[in-house]
Amino acid sequence: MMQGQIISDLKRWKNAITQGMVAAMLNKDPEYHPGDIRNLILFMVLSVALWVAFDHFVLSPQSEALRASQQAKEEATIEAVQTGNLPERPRSDVVREAKRITFENPHASGSINLTGGRIDDLLLKDYFRTVGREENVVVLSPAGTPYPRYGEFGWVAQDQNIKVPDSKSQWSVVGNDELSPESPVTLRWSNGQGLVFEKTISLDEYYGFTIDQNVQNNSGRSVTLYPFALVTEHGLPEEYFNRWIIHEGPIGYLGEELYERKYKNLEERPREQISAEQGWIGITEKYWLTALVPGQRETTNFRFAYTPPPTPIAKERYQTDMLGAQRVILPGEQAGATTHFFAGAKKVKLLEEYEQKWNVPHFDLAVDFGIFYFLTRPFFWCLNLFYGWVGNFGIAIIMFTVVLRIAVFPLANTSYRSFAKLRQVSPQMYELREKYKDDKAKLQQELVKLYQEEKVNPMAGCLPILVQIPIFFALFKVLSNTIEMRHAPFFGHIQDLSVPDPTSLFNLFGLIPWDPPSFLMIGIWPCLMLITMIFQRAMSPPPQDKTQAMIINVMPYLMCFILAGFASGLVIYWTFSNLLAVIQQYVIMRSMNVPVHFFGIGREEAEEKLEEAVKEGPAVHPQAKMIEDEVEDALFSKPGDNDAPPTEEGAPKKVSKPKPKKKKKK
């Protein structure tokens, strides 16, 4: 009320001042009072001030309110076409009750609900929920089922008095009533005000729909409509993994940027709108995608939306939708909009084909390849190439492991030679520990000198491990996220390379009739990986720190426990990679006449004494000291410092302390 009173006063004052200015300007009496000039100036100043205030407090808010109201009406209309929360019933009962038209192709089947014209029933013929292949995977389900997800397409009217089809509109079928790749179907609905709405739905050989919407205006006046499409999901999906390694939830590539919104992010930010001239938007699971692709090169408003449950027993609603540019339809004319709809498996090659077919950018990014995209894509291509040759992804993983070991062979060769040299100097290391067991600083200094004299680099052994870290995570992404690995068998008990080994050491791999808890599911392949890691530890040089020695002794068992819960294909890769590394290191050590003792049998006395000395003596870190010296040389040495004449053979090099920096004069 106060704002209305202010606006009324501003209008009244504006009119009064305007009338006063006109009267003053029309006054032709030459003998007017000198104060009239001052009053005229005052009137002019006040008029300008009031005009600015009127524009700011009246015109601008009205304009903003009009725009906000229009946007709110558009969004409200999109929200209104959705069905509210219904009691959950079996999916088969809900599908059977509604009047529908069916569709089928070689890879998918389902139906379209004529009430609302929704595509809300789709299952995949080639994919099953379990390796037993008993029940097909369901991607779309109607409202009222336990896990609803559907796609809907329609129009938003600028004039709210114009009726547009909604979720309760009964569409009629024109002509063909069965959708197939060879036969599209046409649905029609009239609003009773002269507007006739039609949808022509086409289906290709896989999971792609094309929805051509058309509106014929026979109303005798022009109308303004906006085409929209949405994908809605009630509650979280049935196969919700909720793991950091994969993205599940709303997703879109809009403009030049990939948007990934987790379910909990939508709850924190219920509405997010992005305008772009190209892109796609949808909701993704680990292996399945439901996405909308509008006509490209047209400004479209894409939106991520979240609606909390209206009642305690209802489900929240997650939605991605898009609103196209306005269509002004004159009397007797018509307008249309085309939208592509994908609902199916996220096969990389298939997504790339749709990317070309629909002219949409980066549709393949629906598969979460992660930050190591530059590694995961080549790894995926290589694995699929090998699979095409041998027909088994397990064998393809082994072949891929061999290729990787060949690629890092030079680096690993240098590392293993350094390991062998460290074992060769074990007697000297033991002597130094006995000699300087009470002088930690001197012991570390002498060990560094020994490494320099024997040209041993303890840090060289870390390089292969550092290289394998991104390789490990990239391969983990490929094996965990790509549908090509899902339900891919190997040999024996491994029937799905994308899930952990199903056996357990704690029931003797199935001999004891007992199902251990999940954290005790340490299968055959994790145990084989543990054996290869123990072999590697036996061939590694003894550490110079008791804490480091304890970590190295525990690490194989810890890695076995952790990786037991990872995809079995990843454990197979790690096992064969370790096995090839053990073979390579064994050959190098034997060529350098360094004895190898896998189980401690026949170990040299010097090695055993050195381990005891490490446990009892001071903890030293010669590797860290060597790194520190190299950093100091790189930062503070001057040109020519390393050009000293060669020293006598066996004489230690003189290491000078870094010179302090000179202070700048003020």
Side-chain angles (χ1 to χ4, degrees), residues 81-129 134-154 165-173 176-181 183-187 189 199-211 213 229-239 282-285 287-292 315 317-321 339-346:
V81 299
Q82 303 177 73
T83 302
N85 290 276
L86 302 175
E88 290 185 7
R89 293 184 298 154
R91 184 179 183 278
S92 58
D93 293 346
V94 177
V95 171
R96 186 169 52 249
E97 289 177 358
K99 187 177 181 181
R100 296 173 174 271
I101 57 172
T102 60
F103 62 81
E104 186 172 6
N105 65 16
H107 303 283
S109 64
S111 61
I112 301 173
N113 194 342
L114 292 179
T115 302
R118 290 174 173 172
I119 304 177
D120 61 358
D121 170 31
L122 186 145
L123 59 85
L124 307 180
K125 293 182 176 181
D126 303 327
Y127 298 96
F128 300 85
R129 297 186 61 183
E134 297 175 353
E135 186 177 352
N136 293 88
V137 169
V138 174
V139 178
L140 301 179
S141 292
T145 59
Y147 301 98
R149 181 189 289 181
Y150 46 83
E152 189 166 345
F153 313 86
D166 57 22
S167 61
K168 299 179 180 179
S169 301
Q170 295 294 325
W171 293 78
S172 60
V173 182
N176 176 47
D177 60 355
E178 290 187 3
L179 176 60
S180 67
S183 303
V185 297
T186 299
L187 308 182
W189 181 83
K199 295 180 185 178
T200 300
I201 304 175
S202 305
L203 174 66
D204 62 18
E205 296 290 334
Y206 287 92
Y207 315 118
F209 296 82
T210 299
I211 296 89
Q213 298 191 88
L230 61 85
V231 172
T232 294
E233 182 175 60
H234 295 195
L236 297 175
E238 184 177 9
E239 294 184 1
I283 297 177
T284 183
E285 296 181 61
Y287 298 120
W288 327 114
L289 172 68
T290 309
L292 303 167
K315 289 184 176 181
R317 189 168 63 232
Y318 304 95
Q319 179 170 304
T320 57
D321 56 52
T339 304
H340 300 294
F341 179 59
F342 180 93
K346 297 194 299 185

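None of the values given here were measured: they were computed from a predicted structure.
If you take CG on Leu123 and CG on Asp121, they are separated by 6.5 Å, rounding to the nearest 0.5 Å. With rounding to the nearest 0.5 Å, the separation of CG in Leu114 from CD in Gln170 is 7.5 Å. The structure places OG1 of Thr232 at 7.5 Å from CD of Glu152, a figure rounded to the nearest 0.5 Å. With rounding to the nearest 0.5 angstrom, the CZ atom of Arg317 is 5.5 Å from the NE2 atom of His234. To the nearest 0.5 Å, the span separating OG on Ser202 from CZ on Phe209 amounts to 10.5 Å. Here the OG1-CG distance, from Thr210 to Asp204, works out to 7.0 Å after rounding to the nearest 0.5 Å.
Between Val185 and Thr200, every side-chain heavy-atom pair lies at or beyond the 4.5 Å cut-off. In this structure the side chain of Val231 reaches within 4.5 angstrom of the side chain of Leu292, judged on heavy atoms. A 4.5 Å side-chain heavy-atom check between Trp288 and Leu140 finds every atom pair outside the cut-off. Inter-residue side-chain proximity for Trp189 and Ser169 is flagged as met; some heavy-atom pair is nearer than 4.5 Å. The shortest distance between side-chain heavy atoms of Leu236 and Tyr318 falls below 4.5 Å. In this structure, the side chains of Val173 and Thr186 stay at 4.5 Å or more apart for every pair of heavy atoms.
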Given the rule in the side-chain hydrogen bond (donor to acceptor under 3.5 Å, both in side chains) test, do Lys168 and Thr115 qualify, once you have shown the distances and angles that lead to the verdict? CA-CA 6 Å; Lys168 299 179 180 179; Thr115 302; over 6 Å; no

Output, in order, the C-alpha distance, side-chain angles, deciding distance and verdict of salt bridge (Lys or Arg N to Asp or Glu O under 4.0 Å) for Arg100 and Asp120. CA-CA 10 Å; Arg100 296 173 174 271; Asp120 61 358; 2.7 Å; yes

Tell me, with the steps shown, if Ser180 and Glu104 meet side-chain contact (heavy atoms from CB on, under 4.5 Å). CA-CA 6 Å; Ser180 67; Glu104 186 172 6; over 6 Å; no

Output, in order, the C-alpha distance, side-chain angles, deciding distance and verdict of side-chain contact (heavy atoms from CB on, under 4.5 Å) for Ser111 and Val95. CA-CA 8 Å; Ser111 61; Val95 171; 4.2 Å; yes

Could you walk me through whether Lys315 and Glu233 pass the salt bridge (Lys or Arg N to Asp or Glu O under 4.0 Å) check? CA-CA 10 Å; Lys315 289 184 176 181; Glu233 182 175 60; over 6 Å; no

Candidate pair Asn113 and Ile119, rule side-chain contact (heavy atoms from CB on, under 4.5 Å), full reasoning: CA-CA 6 Å; Asn113 194 342; Ile119 304 177; over 6 Å; no

Walk me through whether Glu134 and Arg129 qualify under salt bridge (Lys or Arg N to Asp or Glu O under 4.0 Å). CA-CA 8 Å; Glu134 297 175 353; Arg129 297 186 61 183; over 6 Å; no

So Ser183 and Glu178, side-chain contact (heavy atoms from CB on, under 4.5 Å) or not? Walk me through it. CA-CA 7 Å; Ser183 303; Glu178 290 187 3; over 6 Å; no

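Closest approach of Gly117 and Lys199 over heavy atoms only: O-NZ, 3.5 Å. Closest heavy-atom contact between Gly144 and Val94: O-CG2, 4.0 Å. Nearest heavy-atom pair across Glu205 and Pro181 is OE2-CB, 3.6 Å. The minimum heavy-atom distance linking Thr145 with Pro142 is given by the pair OG1-O, 2.6 Å. For the residue pair Thr339 and Ala229, the shortest heavy atom distance occurs at CG2-CB, 4.1 Å. Scanning both residues, Gly344 and Val139, for their nearest heavy atoms gives N-CG1, 4.3 Å.
Paired with Phe341 under the rule ring pair (Phe, Tyr, Trp, His ring centres under 6.0 Å), one option of Phe153, Tyr150, Tyr207 passes, and it is Phe153. Between Arg149 and the options Glu285, Glu239, Glu238, a salt bridge (Lys or Arg N to Asp or Glu O under 4.0 Å) holds for only Glu285.
Judged by distance alone, with hydrogens and angles left aside, the side-chain atoms of Asn105 form no donor-acceptor pair with the main-chain N or O of Leu203 at under 3.5 Å. Side chain of Asp321 to backbone of Leu230: no donor-acceptor contact under 3.5 angstrom is found. Proximity of a side-chain donor or acceptor of Arg118 to a complementary backbone N or O of Ile112 within less than 3.5 Å is not detected.
Remark: Lys99 NZ is loosely packed, at most 12 non-hydrogen atoms of other residues, nucleotides or ligands lying under 6.0 Å away.
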